[in-house]
There are 2 protein chains.
Amino acid sequence: MKLSTKGKYGVKALFELAMNEGAGPISLRTIAERQGLSEHYLEQLAAPLRRAGIITAVRGAQGGYMLARPASQITVGDVIRVLEGPVGYTDCSTEGEPDPECASTCPVHGVWERVTQEIIKVIDSITLQDLVEQALADRGNPMYHI
Amino acid sequence: MKLSTKGKYGVKALFELAMNEGAGPISLRTIAERQGLSEHYLEQLAAPLRRAGIITAVRGAQGGYMLARPASQITVGDVIRVLEGPVGYTDCSTEGEPDPECASTCPVHGVWERVTQEIIKVIDSITLQDLVEQALADRGNPMYHI
DNA sequence: CCCAATTCCGAGTAACAATATCGGGATCGC
DNA sequence: GCGATCCCGATATTGTTACTCGGAATTGGG
């Protein structure tokens, strides 16, 4: 029912890369420190993201990762799919992997499909660029509670 | 990220009760047979649903369960919340249990909140009555694929 | 009044996933 | 060459999932 840390950390990490777009590679150590995550764990997330062509790696000292394409062309959904697999509210209503029997016999299946579609709509509509712009706007316009 | 069997089976079971609304109690054995579920496992789902006042039990022979209120007044969301806990796409964006630190510091938090709201919108808008009507409509109007 | 059907209750469990941690090898700028 | 970094695979711990099992309490029908 809930997103695991893979998806959450992955998007946070890529947001960090998007914030530093064009400024050369950023090391996992830097990302881990800035976002408060485990460096070794981030390695596990970086590998599939690199293989999926979302980020590129620069090895060696002063190396790190960069976005493989502009932040405006990477959606939150792209990242989640790589790290969590196909999106779906249930495993019988997962995009690209429909369960034909469930779809034709289960009277509730339509509900799960509708929820899945709404989830997809949101995560596919938000790019890393959007997150950066929102963060910059918030930074200039902070909310002071109480 | 995905609904567990608890929520899925629970809604299927309650759909079965809704289909037989007003026809006296239905036993778990009957539900299990009709929906192809484990009877013992359904017991575990029935207990919290009863305690939450969604279904009522009739003990003894010829006993079973009935909806505690009309099917038109029970939403899919009601059932899911009882069986899976508060709704949320992440544990930091779960309804009624906001993570204040995450909400104010995480640049991605707004995305999770938006997804959570969309999920809630769908599951709270569909009642058991809707499912029954849809099932009856489908039954009179079956889709023949191929 | 007895019996079978049923709800009710709590424990146990096997398999799997989540969330890391660890060690070491490959690569590269300085 | 050296230290920073990516890269890869193994391991560990913990929690969750999806059940299973055994038996007690309750009640309508014969």
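Chain letters run A, B, ... following the sequence lines, proteins first and then strands; every chain starts at 1.
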With respect to the phosphate group of [N], does any side-chain polar atom (N or O) of [X] fall under 4.0 Å of OP1 or OP2?
X	N	value
B:Ser38	D:dC19	no
A:Thr5	C:dT19	yes
B:Tyr9	D:dC19	yes

Backbone of [Y] reached by a side-chain donor or acceptor of [X] within 3.5 Å:
X	Y	value
B:Glu95	B:Pro86	no
B:Ser38	B:Tyr41	yes
A:Glu84	A:Leu3	no
A:Glu118	B:Glu118	no
A:Glu16	A:Gln35	no

Task: Closest contact, heavy atoms only, A:Ala68 versus A:Thr56 - done: CB-CG2, 3.8 Å
For [X] and [N], what is the distance between atoms [atom1] and [atom2] respectively, to the nearest whole Å?
X	N	atom1	atom2	result
B:Leu49	C:dC8	CG	P	11 Å
A:Leu37	C:dA20	CG	C1'	12 Å
B:Leu83	D:dT16	CG	P	17 Å
A:Asp91	D:dT17	CG	P	13 Å
B:Met66	C:dT7	CE	C1'	13 Å
A:Leu45	C:dA20	CG	P	10 Å
B:Ile31	C:dT7	CD1	C1'	12 Å
B:Leu3	D:dT17	CG	C1'	13 Å

TODO: Report the relative orientation of the aromatic rings in B:Tyr89 and B:Trp112; use parallel for angles under 30°, tilted for 30 to 60°, perpendicular for over 60°.
DONE: tilted
Task: Contact pattern, 5' to 3', of nucleotides 2-11 of chain D - B, S or - by protein heavy atom under 4.0 Å - done: -BBBBBB-B-
